[in-house]
*Asks:* 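Sharing a structure with you now.
Chain letters run A, B, ... following the sequence lines, proteins first, then strands; residues in each count from 1. Basis for what follows: all heavy atoms, side chains included, without hydrogens, waters or symmetry-related copies.
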Amino acid sequence: MNTFTNFTGLAGIVLLIATAAATLFRAARIKKSYLILLTLAVVFVVSFPFGALPSAAYLRGIIGDLSITSVILLALALLKVLFGWRLFNDQKKWLLQSVIAISAAIFYPLTLGISYFDPYRLGFGNLWFLITLFILTLAAFYKRYFLLAFCITLAVLTWSVGWYESTNLWNYLLDPFVAVYAIGALIWRGGGMLRRCKSTFALRGSGSSPLS
Amino acid sequence: MKKERVDFSVMGLLIVIAFARGFYKTIQYHPAAGFQTNFTPASMAQRPRFQSDFASSKLHIQTHAASLVELKNGNLRAFWFSGSREGARDVEIHSAVFDPKSNKWSAEQVVATRQDTEKSVLRYVSKLGNPVCARASDGKLWLFYVTVSLGGWSGSSLTMKTSSDEGKTWSAAQRLVTSPFLNVSTLLKGTPFFYKDGTVGLPVYQEFIQKFAEILHFDRNGNVIDLQRLSAGKDEGLQPVILAKSTFEALALMRNSGEKEPQHVLAVSTKDGGRHWTTPQKLPLLNPDSALSVIVLPDRRILAVVNNQKRQGISKGRDALALMISADDGKSWKMVYRLENQLAARENPLNKTTYLNNVRKQLLQLAPDSQREEYAQSTASAMCIGDDCGFEYSYPYLIQTRNGDFHLAYTWNRSFIKHVWFNQAWIDQRLKQ
């Protein structure tokens, strides 16, 4: 039994449950001081074994370990809900979401066996794959898209030290849940932009633009 | 625009540290190059040997998917899964040891359960499946077995245990991550093999959305370092078995899980030590979507155990099992021996009474006299639904031991694991007949 990777894997699942719980408590307009206490109580309940396994381990059995990208996004969401902290500029999140969505749309179908090319294989230590990630990270850093740079950097660092059971870098970069989140967020953003465009045109058409 | 609370220089330093560590790890990565070919010389035994017995001994239980490994003292250790039925929550991984000197199998030993596995990997496990054992270059035994947390076999992943005392005791289970999509759906059946540098190759396959075969490559410490695809798309190749013919040449034979009849064994080959493999080609050997086991003889002939017949309906296809030999890389095959044959029951279906009579005859040499009836009833309970009874001889696992003898284990009517022991003299005798 590798205690360390079991701990890190389970911690990611506990974070997922805690973030979901805190978001629900917040939606129920629970006071901030109670919000933190209730979230801590949820963490305690799902982390400690009442029987053979902690309840978070049942969810872990089904969804596996979360990617580091997921863990970062969940941690940021939890800090925002509990303390109102925003470590990264939310307005720049679209780039991270776009990179995740495009990568997932290409990556997952190919890994599921439709062709002989398996991009998952690159994650076992392919030099060119790491060089590509390095260039992408430097570009994001230079343009101050820190969240994208941070996600890739932390994924590479945790992979290199064996943070999870997986020895494949892809498992640190991506998981199906963060892919669904990114695609969903982009669709939502696209829908919002479309609605704003429509309302602008409608206002202009009626001749009552607030700018006029 | 809102300011970010992340410090530019801290972020830069983190990038340098992370990628320095990442590049250091990457330069240690060495993909596959060359196979080990430890051909075992033919047994010095003068007399042909062919004998069979049961490796498993539990009654009224279903058994399946046996594998074998030779121990340092020349004994054999077999592994299989055993429970009320395939996929049940009570399925355990069992093992027994065969002593060739006394010609006896030990009592069954439980080496992995669902409960002990889920405690070790700290996640829910709903069922266990196929076990395969390898001897690593440091002498330890590595036991790989299938675990499922949700759904059927397509939701499976691999778990590993190690033993430093020839399988008497086992380490805690360790989960292997071999797939990007929720770590489903890697399964295993084929015999592990060695690369030239002492690292281990494990033939595996996937059944989620597409069915395809792969080789999982482990370093000497049991870490997964590579995953190589052998089939894809509509090839439908599963359960590969790797046959290293020389350092750079190897052949992989695969179960054909395609729908198109008649199904034939699929083969791919490499000439550069496993860096590149050809696309699958059909061999003349029939394969009714069932596992096969193959080894290379020192003279480069290939010895295969396969259900060499067409499928009839969904259920009939594993009702006969044959030992086949090829001297031309699988282009043509000759039958050495029909290990099991119940093809006649296809034309004349048996009711439960005639089925039991048939099974009692098969058990004459295999079950103790005092328990033969109970063995027959145990078989019927595994293979009959009312008056509808069938035969299944499947999942062969063939190895050659250091003294040159051959040992084969396979599922016998889902109720026992049958073991067959034969030698080169017997094969030569059969081929002369």
*Asks:* If we only count heavy atoms from C-beta on, is the Y124(B) to R60(A) side-chain gap below 4.5 Å?
*Replies:*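 A side-chain contact under 4.5 Å is absent here.
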*Asks:* Name the region of I13(A), side chain, backbone, both or neither, that has any atom closer than 4.5 Å to a heavy atom of chain B.
*Replies:*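 No part of I13(A) comes within 4.5 Å of chain B.
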*Asks:* Which atoms of I209(B) are under 4.5 Å from chain A, going by heavy atoms: the side chain, the backbone, both sets, or neither?
*Replies:*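 I209(B) touches chain A through side-chain heavy atoms alone.
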*Asks:* Side-chain contact test, heavy atoms from C-beta onward, threshold under 4.5 Å: evaluate it for E165(A) versus Q174(B) and give yes or no.
*Replies:*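 E165(A) vs Q174(B): side chains apart.
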*Asks:* Within the structure provided, determine whether V161(A) and R21(B) are in side-chain contact (heavy-atom separation under 4.5 Å).
*Replies:*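 Of all side-chain heavy-atom pairs linking R21(B) with V161(A), at least one is under 4.5 Å.
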*Asks:* Is the closest side-chain heavy-atom distance between L122(B) and P54(A) below 4.5 Å?
*Replies:*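 Yes, their side chains come closer than 4.5 Å.
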*Asks:* Name the region of F117(A), side chain, backbone, both or neither, that has any atom closer than 4.5 Å to a heavy atom of chain B.
*Replies:*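 Contact with chain B: backbone only.
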*Asks:* Salt-bridge test for D65(A) and R123(B): reply yes if a basic N is under 4.0 Å from a carboxylate O, no otherwise.
*Replies:*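 So D65(A) pairs with R123(B) through a salt bridge.
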*Asks:* Is chain B contacted by the side chain of Y116(A), its backbone, both, or neither, given a heavy-atom distance below 4.5 Å?
*Replies:*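 Its backbone and side chain both get close to chain B.
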*Asks:* Measuring heavy-atom distances to chain B, does L53(A) have an atom under 4.5 Å in its side chain, in its backbone, in both, or in neither?
*Replies:*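 The answer is the side chain of L53(A).
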*Asks:* At a heavy-atom separation under 4.5 Å, does N168(A) approach chain B through its side chain, its backbone, both, or neither?
*Replies:*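 The answer is neither part of N168(A).
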*Asks:* Identify which part of E118(B) has an atom lying under 4.5 Å from any heavy atom of chain A, answering side chain, backbone, both or neither.
*Replies:*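 Looking at E118(B), backbone and side chain both touch chain A.
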*Asks:* On a heavy-atom basis, which atom in R229(B) and which in L110(A) lie closest, and how many Å separate them?
*Replies:*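 Looks like NH1-O, 3.1 Å.
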*Asks:* Less than 4.5 Å to any heavy atom of chain B: does that hold for the side chain of W170(A), its backbone, both, or neither?
*Replies:*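 Looking at W170(A), nothing touches chain B.
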*Asks:* Which region of F8(B), side chain (C-beta onward) or backbone (N, CA, C, O), has a non-hydrogen atom less than 4.5 Å from a non-hydrogen atom of chain A, or is it both or neither?
*Replies:*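 It is both, since atoms from each part get that close.
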*Asks:* At a 4.5 Å cut-off on heavy atoms, which part of F208(B) comes close to chain A: side chain, backbone, both, or neither?
*Replies:*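 Both parts, heavy atoms under 4.5 Å.
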*Asks:* Side chain, backbone, both or neither: which part of L169(A) has an atom under 4.5 Å from a heavy atom of chain B?
*Replies:*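 It is neither, since no heavy atom gets under 4.5 Å.
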*Asks:* Which residues in residues 135-143 of chain A have any heavy atom closer than 4.5 Å to a heavy atom of chain B?
*Replies:*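 So far as heavy atoms go, T137(A), L138(A), F141(A) are the residues that approach chain B to under 4.5 Å.
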